[in-house]
Amino acid sequence: MTSEARAEKLAILVWAADPGRPELCATPFYFAAAAAAMDVEVEMYFTARSVELLRQGVAEGIEAAAGSGKSVADFRREALAFGVRLYACPTALAAHSIAGDALIPGLAGQAGAAAYLGRTLDPAWRTLSF
């Protein structure tokens, strides 16, 4: 191990997990839940078409893997249960005509590029993108 301290915080950018490509949608939540289970503080930032995963009813209708019987919403619920905070990009919400009352309960709020970039520039945080 190096002399560098282990980061205890992880920011995940979710931009390519498109509901039209179900095979890409569960993995970000799986990684977030795994990190949170390791006592890492985790924030997920959803942008582009990925904000659709935060619209009520969308993730419930996406099967994580064909025949698995587990929806993307199940993975999302697991991440939330571990304390992962989910943020929706306000610009992406507007671009996809998603009103605030259409979003899932448990969403931590809205945060965009500046918030995520702030995490990438903070040495206490590590980042992933999906």
Side-chain angles (χ1 to χ4, degrees):
M1 182 144 170
T2 67
S3 61
E4 192 174 325
R6 177 178 178 255
E8 300 287 333
K9 301 175 182 190
L10 178 65
I12 300 174
L13 177 65
V14 185
W15 68 274
D18 182 329
R21 304 263 324 267
E23 70 277 11
L24 302 178
C25 295
T27 304
F29 295 109
Y30 182 80
F31 272 71
M38 297 169 62
D39 293 323
V40 173
E41 181 180 341
V42 182
E43 296 178 348
M44 296 178 78
Y45 294 83
F46 292 79
T47 191
R49 185 122 192 266
S50 296
V51 295
E52 290 285 348
L53 299 175
L54 304 177
R55 185 193 299 253
Q56 292 183 49
V58 172
E60 289 79 0
I62 302 172
E63 196 170 24
S68 73
K70 191 170 181 178
S71 73
V72 171
D74 293 327
F75 283 91
R76 187 182 64 207
R77 277 189 286 279
E78 288 171 4
L80 286 168
F82 277 109
V84 173
R85 291 187 305 276
L86 311 179
Y87 294 96
C89 172
T91 304
L93 291 174
H96 295 280
S97 302
I98 302 173
D101 61 353
L103 295 169
I104 61 165
L107 191 66
Q110 294 185 21
Y116 180 76
L117 288 172
R119 295 300 192 214
T120 68
L121 297 171
D122 185 332
W125 288 78
R126 298 291 187 265
T127 60
L128 286 175
S129 63
F130 290 92

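Keep in mind the model is a prediction, meaning the values are calculated, not measured.
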task = Decide yes or no for Thr127 and Leu10: does some side-chain heavy atom of the first lie under 4.5 Å from some side-chain heavy atom of the second?
result = no
Co-membership, hydrophobic cluster, residues Val58 and Phe75, 4.5 Å side-chain = yes
ask   = Hey, any chance Ile12 and Val72 share a hydrophobic cluster, counting ILVMFWY side chains that come within less than 4.5 Å of each other, even indirectly?
value = yes
remark   = Residues Phe46 and Val51: closest non-hydrogen pair is O-CG1, 3.4 Å
query = Would you say the side chain of Leu93 lies within less than 4.5 Å of the side chain of Leu103, judging by non-hydrogen atoms?
reply = yes
ask   = Take atom CH2 in Trp125; do more than 12 heavy atoms of anything else shown fall under 6.0 Å from it?
value = yes
ask   = In Å and rounded to the nearest 0.5 Å, what is the CG to CD distance from Asp39 to Glu8?
value = 8.0 Å
inquiry  = If you apply the rule side-chain contact (heavy atoms from CB on, under 4.5 Å), what do you find for Thr47 with Val14, and how did you get there?
reply    = CA-CA 6 Å; Thr47 191; Val14 185; over 6 Å; no
query = Do you know the tightest heavy-atom contact between His96 and Arg55?
reply = O-NH2, 3.1 Å
ask   = CG of Leu13 to OH of Tyr45: how many Å apart, nearest 0.5 Å?
value = 10.0 Å
note = Heavy-atom closest pair (Ala59 atom, Leu53 atom, distance to 0.1 Å) is CB-O, 3.9 Å
key: Any residue meeting salt bridge (Lys or Arg N to Asp or Glu O under 4.0 Å) with Asp18, in chain and number order, not counting sequence neighbours   = Arg49
query = CZ of Phe29 to CZ of Phe130: how many Å apart, nearest 0.5 Å?
reply = 11.0 Å
ask   = What's the spacing between Leu107 CG and Met44 CE if we round to 0.5 Å?
value = 11.5 Å
ask   = Does Glu60 pair with Arg76 as a salt bridge, N-O distance under 4.0 Å?
value = yes
Can I get a per-line list of side-chain donor-acceptor pairs under 3.5 Å for residues 77-91, giving both atom names and the distance, sequence neighbours left out?
| from | atom 1 | to | atom 2 | distance (Å) |
| --- | --- | --- | --- | --- |
| Arg77 | NH2 | Asp74 | OD1 | 2.5 |
| Glu78 | OE1 | Lys70 | NZ | 3.4 |
| Glu78 | OE2 | Lys70 | NZ | 2.8 |
| Arg85 | NH2 | Glu41 | OE2 | 2.7 |
| Arg85 | NH2 | Glu43 | OE2 | 2.6 |

ask   = Is it true that a side-chain atom of Ser71 and a backbone atom of Ile62 form a donor plus acceptor pair closer than 3.5 Å?
value = no
note = For Ala92 and Ala48, the nearest pair of non-hydrogen atoms, with its separation, is CB-N, 3.5 Å
task = Give a yes or no answer on whether the side chain of Glu63 reaches the backbone of Pro22 with a donor-acceptor pair at less than 3.5 Å.
result = no
key: Nearest heavy-atom neighbours spanning Thr120 and Leu117   = OG1-O, 2.7 Å
